[in-house]
Structure formats: C-alpha cells, structure tokens
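Have a look at the structure below before the remarks.
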Amino acid sequence: MTDDSNVRTYADSLDDPPNSRLFLVTSKSTTEEVIREHFSVFGEIQDIWVVKDKHTKESKGVAFVKFAKSSQACKAMEDMHGKCLIEGTKPINYYYYYYYYYYYYYYYYFGYFLCLKVFIAQSRSSGSHRDVEDEELTRIFIMIPKTFTEEDLKEKFKEYGDIEYCIVIRNKTTGESKGLGYVRYLKPSQAAMAIENCDRNYRAILAEPKNRTSASCENDYFSTPRSDHMSHDPGMNSYPFAEASNFGVSEMRGSDSITKCLLVSSRASLSQEQMFNLFDLIPGLDHCEMQRDPYGYNKGQALVRYNNVGSAVYAKEKLHGFEYPPGNRLVLTYIEDGEEKSSPVGMMALQLVAAQMMSMVWSSPVGQQFMKTSSGYSSGSSTQMNRLQTDVSLPPHRKLAPADSRVKERLFIVFNPAPLSVDVLEDVFCRFGSLIEVYIVQGRNVGYIKFADRKSANEAMITLHATENILDHLNESGIEMSLMT
DNA sequence: CGACGGGACGC
DNA sequence: CGACGGGACGC
C-alpha cells in the first residue's frame with residue numbers, strides 16, 4: 001500500500017461517510033451558534049460552516065452541517081426541514097422541548113412552514129447542486145441468501161424502520177432468486193440505520209435510483225402527481241387507472257395489502273388542517289389525524305382513513321410522492337385497518353369506479369383551485385359521494401376471443417369527462433369472456449366494446465352498471481352503457 | 001429562489 | 001491447498 005492511496009485529504013472526509021453532511025437554506029441572520037443549538041441533539045456534529053461572502057463577510061443564508069453518521073444527518077433533516085429557527089434561544093437542553101412546543105403553535109397559527117430547508121448535501125465531487133431527494137435515500141440494495149422471500153426481508157429489516165416494500169430480484173423466466181434484493185423505507189434515516197447497523201454480510205448500500213436517464217428524472221420512480229398534472233393534461237384521465245393496475249401488482253409482491261387506511265409520512269411539519277384539506281379532496285374521508293409522539297409533538301406522520309377502499313387506492317395513486325408543500329414529498333403506505341381485505345380482482349372494479357369518479361373531482365374548478373394555491377380551502381365538493389357502494393367484484397381475467405370472431409353484441413360506452421385507456425378497459429371487460437375488441441372513438445368521449453357472445457356483453461353491462469347508477473345518481477356522470485347490435 | 005472555508009502530513 | 005469478491009430493478 002502506497003502512502004498516497006491511504007491518505008485522505010480533509011476535503012474528502014467531508015463526504016465520509018456518504019450522506020452525512022447537510023445543506024441548510026437558512027436566513028442571512030442565522031448564526032453557527034443557533035444552528036448548533038438546534039442540530040446537536042441529532043448526533044455528533046463534526047463541522048458547521050455558515051457560508052459567507054468572501055469580501056463583505058455577510059452570510060449568504062446557507063450553511064453546511066457535517067455529522068459523524070448519515071443516520072444522524074438524515075434524522076436532523078427529517079425533523080428540522082420546514083422548521084423555523086428562532087434566534088437567541090439558549091442552548092440548554094431541557095428547555096428545548098418548551099421551545100419546540102411553542103414553535104408548534106407558532107407554525108399552526110401563522111403557517112410558516114418553510115422557514116428552514118434542510119437537504120443532504122451533494123457530495124463535493126459531484127459538482128451538482130440539485131437537491132438530493134428522498135427516493136435516493138430510502139431504498140437499500142442488499143445481498144441475501146437465495147432462499148430469502150420478501151417476507152423474510154421484511155422480517156429482518158423492519159427493526160430499522162417502517163418498510164414501504166421489499167423486493168427479491170428474481171430470474172424473470174424461472175422465478176429463481178438472484179440473491180439480491182431491495183428494501184424501501186419511508187424515511188432516509190431508516191435506510192441509513194439499516195445500512196449502518198445490519199449484518200455486514202448483507203453488504204447493504206443505497207440503491208441507485210432506477211431509470212436515471214438525465215438530470216431531470218423527477219417522475220421516474222414515483223408516478224408523481226404534480227400540480228402541473230392537475231390542469232389540462234390530456235392523458236390525465238386515463239392515467240390514474242392505468243397506473244393503479246400496475247401498482248396493484250407490485251404492491252402485492254411487496255406483501256402489503258390494500259386497505260382503507262393510509263399512513264402519510266412528511267418531512268415538513270404539516271398541520272392537521274392542511275392534511276385534512278388535502279385528503280378530503282378525495283371523497284369518502286372518514287378520519288385524518290396527525291400522529292404525535294409521547295410528548296405530543298408532531299412526528300410528521302398522519303393516519304388517514306377512508307370509508308371505502310377505492311378512495312384509499314385513489315388517494316395513494318394521486319398523493320404518493322406528491323409535493324406538498326412544494327419540495328416536500330408525501331409518502332403514503334397502506335396500513336392494516338383490521339378489516340377483511342379485498343381481492344385484487346375486486347380492486348379492479350373499485351379502481352375503475354374511483355378513477356372515473358376522481359378524475360372528475362380533480363379536474364373540477366374547486367380541485368384545481370385548491371392545488372394551485374395549496375392553501376386552506378375547504379373542499380365542499382366531495383362529501384356527497386360518501387355513500388358510494390364499493391362492493392363490486394369482477395370475475396378473473398379471461399382470454400380474448402379470436403380477432404376474426406363475429407361480433408354478436410356491442411356495448412356503447414360514454415365517458416365523462418374523458419376516456420379511460422384501452423388497456424384498462426380491456427383488462428376489465430375481458431373478464432366477462434369473449435371480448436373481441438375495445439374501441440375508443442378518437443377525439444370523442446365514447447367507445448365500443450365488441451363481444452363474440454351476447455351473454456358476456458350482458459353480464460359486463462349488468463355488473464358494471466351497478467356502479468354507474470350510483471355515479472349517475474350523485475353527479476349525472478360516470479360511465480354510461482347501452483346495448484347495440 | 002439556495003452550494004463549498006479553514007487548516008495542514010506518519011511509521 | 002481451501003473460501004475471494006461480487007452488486008441492479010419488465011417498458
């Protein structure tokens with residue numbers, strides 16, 4: 001070993017271990033002492049550097065904080081992002097909680113949610129100033145015995161934090177494990193804890209994000225609904241359900257089942273009211289409550305329960321990864337609600353109903369207004385749908401009829417406000433058998449479903465008509481169907 | 001919008 | 001003789 005290879009420069013050590021340095025956007029008046037007061041509770045601070053103008057010595061309003069461990073930096077980021085540093089407080093530890101309590105009400109009343117921004121700093125060598133996002137920090141890549149299943153992974157890795165999903169990498173054709181896996185946590189600190197503390201044989205490292213094509217790869221991992229999707233994106237109306245069907249499959253693999261309850265995880269502190277207003281945009285909200293720790297402090301998590309599974313599925317689709325407030329990605333996971341689980345097949349129907357129903361709600365003026373201002377609108381538009389029945393279940397998939405089959409019956413469907421995708425419709429209508437083709441008239445909100453068998457068409461119409469009646473009754477819209485020959 | 005100083009080497 | 005080093009996701 002030569003001297004050179006073994007010597008680290010001081011600059012190198014700034015990013016060792018990786019992701020142990022924070023980048024803070026503060027105000028120009030925030031001092032090193034104030035930062036130390038608020039951040040030393042998270043672990044061993046090795047360095048604090050308030051960036052100043054070389055000549056004027058005035059602070060530029062940004063700072064770097066180096067922790068000994070990545071988990072400490074991540075926890076500090078999660079807890080301090082969105083908080084407001086109040087200057088002049090004394091660094092006496094047992095007063096800390098009183099100040100904290102005071103801040104909580106301060107935020108609640110005045111809505112100062114973004115006083116302080118906290119990110120994991122880009123490594124010095126990267127040269128990029130792009131914010132490091134949570135999805136780069138929450139998924140670990142591990143080497144595992146080939147006998148491990150997703151359930152084994154979950155069992156071994158849940159001690160480090162809340163797991164969103166586990167995946168064993170398998171050979172696509174044989175299904176045989178490749179001895180590699182992924183675990184996605186809700187929070188960066190949890191992934192960091194796993195990496196720091198799990199058995200070395202797992203060789204746990206942060207997973208490289210999938211589909212990293214360019215600098216702007218924002219929507220690659222999350223099917224991220226953003227405010228710019230809320231306006232007049234022509235693809236929007238087919239989007240929710242198409243995503244939902246893919247999603248359902250992968251989530252099953254992650255061994256989490258679909259429920260009416262969601263756990264919302266947020267880095268910024270959101271108020272009860274903000275949470276409520278956001279999730280109440282989707283009809284059927286039963287309950288929305290911020291989770292508190294034993295001292296009564298906001299943990300950045302909320303429990304949301306809908307009165308039907310379709311609404312919860314839709315909420316997850318629309319709001320998982322949603323930035324609210326901007327820069328703060330919400331993470332949603334299903335949690336057990338103690339009730340019987342719906343079958344994946346039944347979910348298809350629920351999602352169809354939900355997607356159709358919600359695209360209406362979300363593209364309504366009230367919904368758009370809310371998303372644009374992201375302020376405290378109360379959404380009066382939604383609660384009328386609370387009574388929606390969601391007990392529809394669908395038969396299993398069936399093969400399509402040969403393309404050259406004679407059309408015995410044709411369903412005519414009217415979409416409101418816009419068509420669902422052909423894939424989705426095919427997925428649903430094939431279940432009644434003898435489906436030949438789904439055809440949507442270009443540029444119009446209508447389409448035809450061709451069947452080789454009259455009975456199949458009838459059953460499809462009757463089964464799906466039950467949901468349509470409800471929609472009609474409530475809003476004079478939804479999917480209309482009629483028989484044609 | 002909001003990104004990189006100061007200090008100084010070991011068996 | 002005797003156990004290193006390797007490592008990636010269906011669009």
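Keep in mind that this is a model prediction, so the values were computed, not measured.
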**Message:** Distance criterion of 3.5 Å, no angle test: do you see the side chain of A:Arg170 paired donor-to-acceptor with the base of C:dC9?
**Reply:** no

**Asked** Looking only at N and O atoms, is any donor in the side chain of A:Arg21 or the base of B:dC4 less than 3.5 Å from an acceptor on the other one?
**Response** yes

**Fill in**
Atom NE2 of A:His81 and atom C1' of B:dG2 are separated, to the nearest Å, by 12 Å

**Message:** Let's see if you can work this out: which of C:dG7, B:dC4, C:dC9 has an atom nearest to the side-chain heavy atoms of A:His129?
**Reply:** B:dC4

**Request:** Look at the side chain of A:Lys172 and decide which nucleotide, out of C:dG6, B:dG2, C:dG10, has an atom nearest to it.
**Result:** C:dG10

**Item:** Distance, rounded to the nearest Å, where A:Arg184 contributes CZ and C:dA8 contributes C1'
**Value:** 13 Å

**Prompt:** A:Arg130 has an atom CZ; how far is it from atom P of B:dC1, in whole Å?
**Reply:** 17 Å

**Request:** Verify the stacking flag for A:Trp49 against B:dG5: centroid separation must be under 5.5 angstrom and the ring planes must differ by under 30 degrees.
**Result:** yes

**Fill in**
Of the candidates B:dC4, C:dA8, B:dG2, the side chain of A:Arg124 sits closest to B:dC4

**Asked** Using centres under 5.5 Å plus planes under 30 degrees as the test, is A:Phe64 stacked with B:dA3?
**Response** no

**Message:** Could you check whether any side-chain heavy atom of A:Val50 comes within less than 4.5 Å of a side-chain heavy atom of A:Thr31, counting everything from C-beta outward?
**Reply:** no

**Request:** Indicate the ring-plane relationship of A:Trp49 and A:Phe64, choosing parallel, tilted or perpendicular according to the 30° and 60° boundaries.
**Result:** parallel

**Request:** Return the value, rounded to whole Å, for the distance between atom OH of A:Tyr202 and atom C1' of C:dA8.
**Result:** 19 Å

**Asked** Between A:Arg184 and A:Tyr165, is NZ or CZ placed under 6.0 angstrom from the six-membered ring centre and within 45° of the ring axis?
**Response** no

**Prompt:** From B:dG5, C:dG10, B:dC4, pick the nucleotide closest to the side chain of A:Lys54?
**Reply:** B:dG5

**Distance-only side-chain donor-acceptor flag, A:Lys66 / A:Ser20, under 3.5 Å** = yes

**Request:** Rounded off to whole Å, could you give me the CD1-to-P distance for the A:Ile142 and C:dG5 pair?
**Result:** 21 Å

**Message:** Could you check whether any side-chain heavy atom of A:Phe279 comes within less than 4.5 Å of a side-chain heavy atom of A:Val264, counting everything from C-beta outward?
**Reply:** yes

**Request:** Would you please confirm or rule out a distance under 4.0 Å between OP1 or OP2 of B:dC4 and any side-chain N or O of A:Lys52?
**Result:** no

**Message:** What is the distance, to the nearest angstrom, from the CG atom on A:Asn171 to the P atom on C:dG7?
**Reply:** 16 Å

**Message:** Let's test your reading of the model: under 3.5 Å, does the base of B:dG5 pair with the side chain of A:Asp47 as donor and acceptor?
**Reply:** yes

**Request:** Starting from P on C:dG6, measure out to CG on A:Leu180 and report it in whole angstrom.
**Result:** 14 Å

**Message:** Starting the side chain at C-beta, find the nucleotide from B:dG2, C:dG10, C:dG7 nearest to A:Lys117.
**Reply:** B:dG2

**Asked** Rounded to whole angstroms, how far apart are CG on A:Leu116 and P on B:dC1?
**Response** 18 Å

